[in-house]
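A short write-up of the structure that comes next.
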Protein chains: 2
Amino acid sequence: MEQIARTPKQIGAALRRCRRAGGLTQAALGEKTGLRQATISALESGEPGTQLRTLAEVMATLGLELVIRERGQPGKDIGDLY
Amino acid sequence: MEQIARTPKQIGAALRRCRRAGGLTQAALGEKTGLRQATISALESGEPGTQLRTLAEVMATLGLELVIRERGQPGKDIGDLY
DNA sequence: CATCAATATACTCCGGAGCGCATAGAATTG
DNA sequence: CAATTCTATGCGCTCCGGAGTATATTGATG
């Protein structure tokens, strides 16, 4: 499941889906990452002030990585979008 | 060119390559984004405290997007096919 | 419905980001 | 080399994230 994001809101939404896919609650993820549940909530809600450290911590714990690429590259992933 | 990143440092390094690929200086990117050149510098250096708003602003200006996916999906990555 | 789990909000405190501004240091070029 | 461009760093300032803690609000579930 590759999720595309360009804004903090989209990033947060994607992370939320990944967390839920792993059957975790915000509190549980907070435990694993050493972050407060409220911080997870803010991140997933797309608070633009959230720090990269928080994003990285959550991604690492959820086993995720980022691909940085130019916009609208119609690769094969297009199919995964719909 | 798809760049993979898991840490603020790797994110910053990737953005730096993208900026340079576009022939921009930090100052020029700062102009376009409304961010200080020092802020661009910090982001590219991988300061973990950098905010998502800064990342998003820079990505938008450079015409980039993120793909959030699970770590290490070797075969699925068709990016290196062309 | 009632209840319990999950998520969002609120408060104070502290630290650090990003601002304007300025400059030091590094890299590039002639 | 020197000269110029680019990048990193410093200071004072304001603002807000995240910690700790607690409580609302929302969402599932029986």
Side-chain angles (χ1 to χ4, degrees), chain A residues 1-66 68-71, chain B residues 1 3-71:
Chain A
M1 174 182 39
E2 296 197 346
Q3 311 196 64
I4 299 179
R6 301 178 183 178
T7 68
K9 267 195 165 73
Q10 293 172 337
I11 294 172
L15 293 176
R16 168 163 293 172
R17 285 187 289 267
C18 291
R19 171 180 60 79
R20 288 189 165 147
L24 285 174
T25 67
Q26 291 181 346
L29 182 54
E31 282 291 320
K32 284 195 161 199
T33 55
L35 297 165
R36 287 165 61 244
Q37 172 263 327
T39 300
I40 308 287
S41 171
L43 167 64
E44 292 184 352
S45 299
E47 288 294 326
T50 303
Q51 303 174 8
L52 292 193
R53 136 186 321 124
T54 303
L55 172 65
E57 193 70 54
V58 166
M59 285 200 315
T61 302
L62 291 179
L64 303 173
E65 69 186 5
L66 292 180
I68 299 169
R69 67 180 191 193
E70 279 153 36
R71 270 191 309 219
Chain B
M1 173 184 38
Q3 312 196 64
I4 299 178
R6 301 178 183 179
T7 68
K9 265 194 165 71
Q10 293 171 338
I11 294 172
L15 292 176
R16 169 164 291 172
R17 285 188 288 269
C18 291
R19 171 180 59 80
R20 288 188 166 149
L24 286 173
T25 67
Q26 291 182 345
L29 182 55
E31 283 290 322
K32 285 194 159 199
T33 56
L35 297 166
R36 284 169 59 243
Q37 171 264 325
T39 301
I40 309 287
S41 171
L43 167 64
E44 292 184 352
S45 298
E47 288 294 325
T50 303
Q51 304 175 7
L52 292 193
R53 109 174 355 109
T54 303
L55 171 65
E57 193 69 55
V58 166
M59 285 200 315
T61 302
L62 291 179
L64 303 173
E65 70 186 5
L66 293 180
V67 175
I68 300 169
R69 68 179 189 191
E70 278 153 36
R71 276 191 303 217

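Chain identifiers are assigned alphabetically (A, B, ...) following the order of the sequence lines, protein sequences preceding nucleic acid strands; residue numbering begins at 1 within each chain.
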Rounded interatomic separation in angstrom, taking CD1 from B:Ile40 and C1' from D:dT7: 12 Å
Apply side chain to side chain contact (heavy atoms under 4.5 Å, CB included) to residues A:Leu35 and A:Leu29 and explain how you reach the verdict. CA-CA 8 Å; A:Leu35 297 165; A:Leu29 182 54; over 6 Å; no
Between the side chains of B:Gln3 and A:Arg69, does any donor sit under 3.5 Å from an acceptor? no
When B:Leu52 and A:Ala38 are each assigned the nearest nucleotide of DNA chain C, the 5'-most assignment goes to A:Ala38
Does the salt bridge (charged side-chain N to carboxylate O under 4.0 Å, His left out) test come out yes or no for A:Arg53 and B:Glu47, once each step is laid out? CA-CA 8 Å; A:Arg53 136 186 321 124; B:Glu47 288 294 325; over 6 Å; no
Can you find a side-chain donor-acceptor pair between B:Gln26 and B:Gln37 that sits under 3.5 Å? yes
Quick one: does any side-chain atom of B:Arg6 pair with a main-chain N or O of A:Glu65 as donor and acceptor, under 3.5 Å? no
note: B:Gln37, atom CD; D:dT9, atom C1'; distance rounded to Å ~ 10 Å
Any donor-acceptor N/O pair, B:Arg19 side chain to B:Leu24 backbone, under 3.5 Å: yes
Side-chain N,O (B:Arg16) to OP1/OP2 (D:dA8) below 4.0 Å: yes
Contact class for B:Glu44 (heavy atom, under 4.0 Å): base, sugar-phosphate, or nothing? nothing
Taking only the side-chain nitrogens and oxygens of B:Ser41, find out if one of them lies under 4.0 Å from OP1 or OP2 of D:dA8. yes
According to a strict under-4.0 Å criterion, is B:Arg19 in side-chain N/O contact with OP1 or OP2 of D:dC6? no
Contact under 4.0 Å: B:Gln26 side-chain N or O vs D:dA8 OP1/OP2: yes
Please give, in whole Å, the distance from C:dG18 P to B:Leu29 CG? 13 Å
From CG of A:Leu55 over to P of C:dA17, roughly how many Å is that when rounded to an integer? 16 Å
Would you tabulate the nitrogen or oxygen pairs shorter than 3.5 Å linking the protein to nucleotides 14-20 of chain D?
{"from": "D:dG18", "atom 1": "OP1", "to": "A:Gln51", "atom 2": "N", "distance (Å)": "3.0"}
{"from": "D:dG18", "atom 1": "OP1", "to": "A:Thr54", "atom 2": "OG1", "distance (Å)": "2.9"}
{"from": "D:dA19", "atom 1": "OP2", "to": "A:Arg36", "atom 2": "N", "distance (Å)": "3.2"}
{"from": "D:dA19", "atom 1": "OP2", "to": "A:Thr39", "atom 2": "OG1", "distance (Å)": "2.6"}
{"from": "D:dA19", "atom 1": "N7", "to": "A:Arg36", "atom 2": "NH1", "distance (Å)": "2.9"}
{"from": "D:dG20", "atom 1": "N7", "to": "A:Arg36", "atom 2": "NE", "distance (Å)": "2.9"}
{"from": "D:dG20", "atom 1": "N7", "to": "A:Arg36", "atom 2": "NH2", "distance (Å)": "3.4"}
{"from": "D:dG20", "atom 1": "O6", "to": "A:Arg36", "atom 2": "NH2", "distance (Å)": "3.2"}

